[in-house]
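Scroll down for the structure; my scribbles are underneath it.
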Amino acid sequence: MAVGDGWYAVYTRFQHEKTSAACLEKKGFEVFVPVYRAVHRWSDRNRTVILPLFPCYLFVRTGLHRKADVLQTKGIRHMVESAGRGCEVSEEEIAGLRRICHFESRVQPHAFWEQGDRVRIRRGPLCGIEGILKREKNEYRIVVCIELLKKGVSVEVDRMDVERLPEERVASRPTCGGSHSLPAVLANLNVERRA
C-alpha cells in the first residue's frame, strides 16, 4: 500500500462484483466485497448462497493517481464521486464491515436510515462498532451505514450491549460531499439566526 492510498467505493455492472474484484486483485489492488449468506427456498429444496451486501458495489484501496487503472477493469462502471472527485470511505467503516461479515448467519442487507438513535456496541466481539439501533419483532439489530453509498447492513445484537452516542458525537461525524447529519444542520441554522 502506497502512502496516501485510501478506500474508495466502485460501482460495477450487475452481478460483476466478484469478477471485477478478482481482476483488480490481479492488478495488485487490495479489494473488499462484503458478502452475506442467504437461504433461497424453492418448493423442493433450500440452498444457501453467498450474495454481496451492497449489490453492484465493491471497495478498493488505491490512490486517485491510479483511478484510470481501476476504471479500465472488466465490469467496472465508475468510481463513486462527489463533484468529480472520488470520495474516500473511512478505515473505520471498512473495519466495521469486515468485523460484521464474520457473523455470516446473522448479517443481512438493510435500507439506509438517515434518522434514529446512533449507538455503539460496548462489549462483545463487535465492541466499538457504531450504527443505528432498530427493533424487529423480538430482536434488536444495529444498522451500520455506509453514508457515501446510502446503503446499510444490519446485525443482531443484545440490547444490553449497546449504548447511545451523545448528540455532539453524532453532530460532528464527518460525511463526504458536504452533507451533514440533521443535528449538525439544525445547529448551523441556529448559528445563522443568531448572527
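This structure is a prediction, so every number in the text was calculated from the model and none was measured. Just so you know, these numbers use all the heavy atoms, side chains as well, and skip hydrogens, waters and symmetry mates.
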Item checked: CZ/F32: more than 12 non-hydrogen atoms of other groups inside 6.0 Å -> yes
Next item on the list: Give a yes or no on whether R13 atom CZ has more than 12 heavy-atom contacts from other residues, nucleotides or ligands under 6.0 Å away.
Entry: no
Smallest separation among heavy atoms of [X] and [Y], with atom names:
X: H16; Y: T12; value: C-OG1, 4.1 Å
X: R122; Y: C127; value: O-SG, 3.4 Å
X: S20; Y: T73; value: O-CG2, 4.0 Å
X: V155; Y: L126; value: CG1-CD1, 4.0 Å
X: L64; Y: M79; value: CD2-SD, 4.0 Å
X: C87; Y: S82; value: SG-CB, 3.3 Å

Rounded to the nearest 0.5 Å, what's the gap from [atom1] on [X] to [atom2] on [Y]? Could you check?
X: I94; Y: E88; atom1: CD1; atom2: CD; value: 10.0 Å
X: L97; Y: L53; atom1: CG; atom2: CG; value: 7.0 Å
X: E30; Y: E25; atom1: CD; atom2: CD; value: 9.0 Å
X: R41; Y: N46; atom1: CZ; atom2: CG; value: 5.0 Å
X: K27; Y: T62; atom1: NZ; atom2: OG1; value: 10.5 Å
X: E163; Y: I121; atom1: CD; atom2: CD1; value: 10.5 Å

State, with a plain yes or no, whether a side-chain heavy atom of [X] is found less than 4.5 Å away from one of [Y].
X: F59; Y: Y8; value: no
X: E17; Y: P55; value: yes
X: V10; Y: F29; value: no
X: L58; Y: L24; value: yes
X: V107; Y: P34; value: no
X: E93; Y: L149; value: no
X: H65; Y: D5; value: yes

Next item on the list: Please determine if E91 and R61 form a salt bridge, counting it only when a charged side-chain N lies under 4.0 Å from a carboxylate O.
Entry: yes
Item checked: Polar side-chain atom of R99 near backbone of P125 as donor-acceptor pair, under 3.5 Å -> yes
Next item on the list: Establish whether Y36 and V49 are linked, either directly or via other cluster members, by ILVMFWY side-chain heavy-atom contacts under 4.5 Å.
Entry: yes
Note to self: Testing the 3.5 Å rule here: is there a donor-acceptor pair between the side chains of S154 and K134?
What the structure shows: no
Next item on the list: List for me each residue that meets side chain to side chain donor-acceptor pair (under 3.5 Å) alongside K74, sequence neighbours excluded, and say none if there are none.
Entry: none
Checklist line | Residues that I50 engages under side chain to side chain contact (heavy atoms under 4.5 Å, CB included), provided they are two or more places apart | finding: K18, V35, R37
